[in-house]
Number of protein chains: 2
Amino acid sequence: MLTIGKLGEAAGVKVPTIRYYEQIGLLPAAERSAGNQRLYGRDTLNRLRFIRHSRELGFALDDIRELLSLSDTPDQPCAAADVIARRQLAYVNRRISRLNALREELTRMLDQCSAGTIANCHVIEVLGNHDLCAHDHDMAGEGPLI
Amino acid sequence: MLTIGKLGEAAGVKVPTIRYYEQIGLLPAAERSAGNQRLYGRDTLNRLRFIRHSRELGFALDDIRELLSLSDTPDQPCAAADVIARRQLAYVNRRISRLNALREELTRMLDQCSAGTIANCHVIEVLGNHDLCAHDHDMAGEGPLI
DNA sequence: CTTGAACCTATAGCCGCTAGAGATCCTATC
DNA sequence: GATAGGATCTCTAGCGGCTATAGGTTCAAG
């Protein structure tokens, strides 16, 4: 049996995060020692590793919840997992293209900066006047801007 | 003079967001009409457009605060603005390479999925076992995961 | 037996908004 | 002038995914 500290170390997850996962029901309520401290077995370690890896791949906690429940039913078809992963991939792709546009714009801004005063600073100028932008990097409603 | 609704429309910013910006001091407290409603002039419209464009480029509100105060001192050298923009570019670049790694990993996961049951689903398997990953996409301490 | 690290709970804060309640104001139409 | 309905006002709470702090308890080593 692992204490919460050992579990966190083994899974690469911070202790308060583990407690948070328990709180939101992503991890089951842990067994407790005589002194009321959480104790974990191998199963929870695996579950936590699964969560961590999924987070590293950018999945939202709600998606992870669903993936976890899928992984508990081994004889179901895996189409549902596929759908979630494809959605995530699409999301990552959208993010990448958005960020590429930002990179271009920032690069152009900086390239044209003559390192003079604010009055003729291209950086400040571009920020104040969207018309100076090559792209329409609006993408309103596409989720967080970065 | 513009009402808050017209201002928001003209700048492409939602009304509650404008009030929020005022609350955190990014916009100055607005003039008020006889009936206590906010009224704005051209200067605030420009300021709000500056903010919006900066947000579209992913700058944090604190950076924008600084950029705004720089833009108010036209005869200062623009090196400070340059530093902020370069930092932002570096941040965007880090984000992009992280997302590219995620994309690769997600793509590989999906490519190898045989569309069978969960039990032999590569997606679920990879999520549970980090060793199956080609990359180390950890990047702990590099800010939010996505 | 004492120290100090690790644990416990509970609460508040981070960012950048967004949503809701309930009240007030402004404008257009009858 | 009345009335409807949109736009505005303030205030508070919530989102995601944690992180930090305070103040207390338990545990393991010396």
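A quick note: this is a predicted structure, and the numbers were derived from the prediction, not measured. By convention in this document, chain letters (A, B, ...) are assigned in the order of the sequence lines, proteins followed by strands, and residues within each chain are numbered from 1.
- Each of B/Ala34 and A/Gln23 has a nearest nucleotide on DNA chain C; the 5'-most of these lies closest to A/Gln23.
- Using a 4.0 Å heavy-atom criterion, one finds that A/Ile24 contacts no nucleic acid atom at all.
- The distance from atom OH of A/Tyr40 to atom C1' of C/dC7 is 11 Å, rounded to the nearest whole Å.
- Within residues 7-16 of chain B, no residue approaches DNA chain D, by heavy-atom distance under 4.0 Å.
- Using a 4.0 Å heavy-atom criterion, one finds that A/Arg19 contacts the bases of the nucleic acid, with or without backbone contacts as well.
- Regarding A/Leu61, its CG atom lies at a distance of 13 Å from the P atom of D/dC15, rounded to whole Å.
- To the nearest angstrom, C1' of D/dA7 lies 13 Å from CG of B/Leu39.
- Taking atom CD of B/Gln37 as the reference point, atom P of D/dA7 lies 12 Å away to the nearest angstrom.
- Here B/Glu66 pairs with B/Ile84 under the side chain to side chain contact (heavy atoms under 4.5 Å, CB included) rule; sequence neighbours left out.
- A close approach under 4.0 Å does occur between a side-chain nitrogen or oxygen of A/Arg32 and OP1 or OP2 of C/dT9.
- Distance OH (A/Tyr20) to P (C/dA10): 17 Å, rounded to an integer number of Å.
- The CG atom of B/Asp62 sits 12 Å away from the P atom of C/dC17 (whole-angstrom rounding).
- Closest approach to the B/Ser33 side chain among D/dC27, D/dG17, C/dC26 is made by C/dC26 (side chain taken as heavy atoms from C-beta onward).
- The separation between B/Lys6 atom NZ and D/dG6 atom P is 14 Å, rounded to whole Å.
- B/Tyr21 comes within contact range of the sugar-phosphate backbone alone, with a heavy-atom separation under 4.0 Å but no base atom that close.
- Heavy-atom nearest nucleotides on DNA chain D were determined for B/Thr3 and for A/Thr17, and the one closer to the 5' end corresponds to B/Thr3.
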Please walk me through it: do B/Asn129 and A/His53 pass side-chain contact (heavy atoms from CB on, under 4.5 Å)? CA-CA 8 Å; B/Asn129 186 355; A/His53 195 194; over 6 Å; no
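- OP1 or OP2 of C/dC8 has at least one side-chain nitrogen or oxygen of A/Arg38 nearer than 4.0 Å.
- A donor-acceptor pair under 3.5 Å is formed between the side chain of A/Asn120 and the backbone N or O of A/Thr117.
- At a cut-off of 3.5 Å, with distance as the only test, no side-chain donor of B/Arg87 or B/Tyr91 sits close to an acceptor on the other residue.
- As rounded to whole Å, 8 Å separates atom P of D/dG17 from atom CD1 of A/Ile64.
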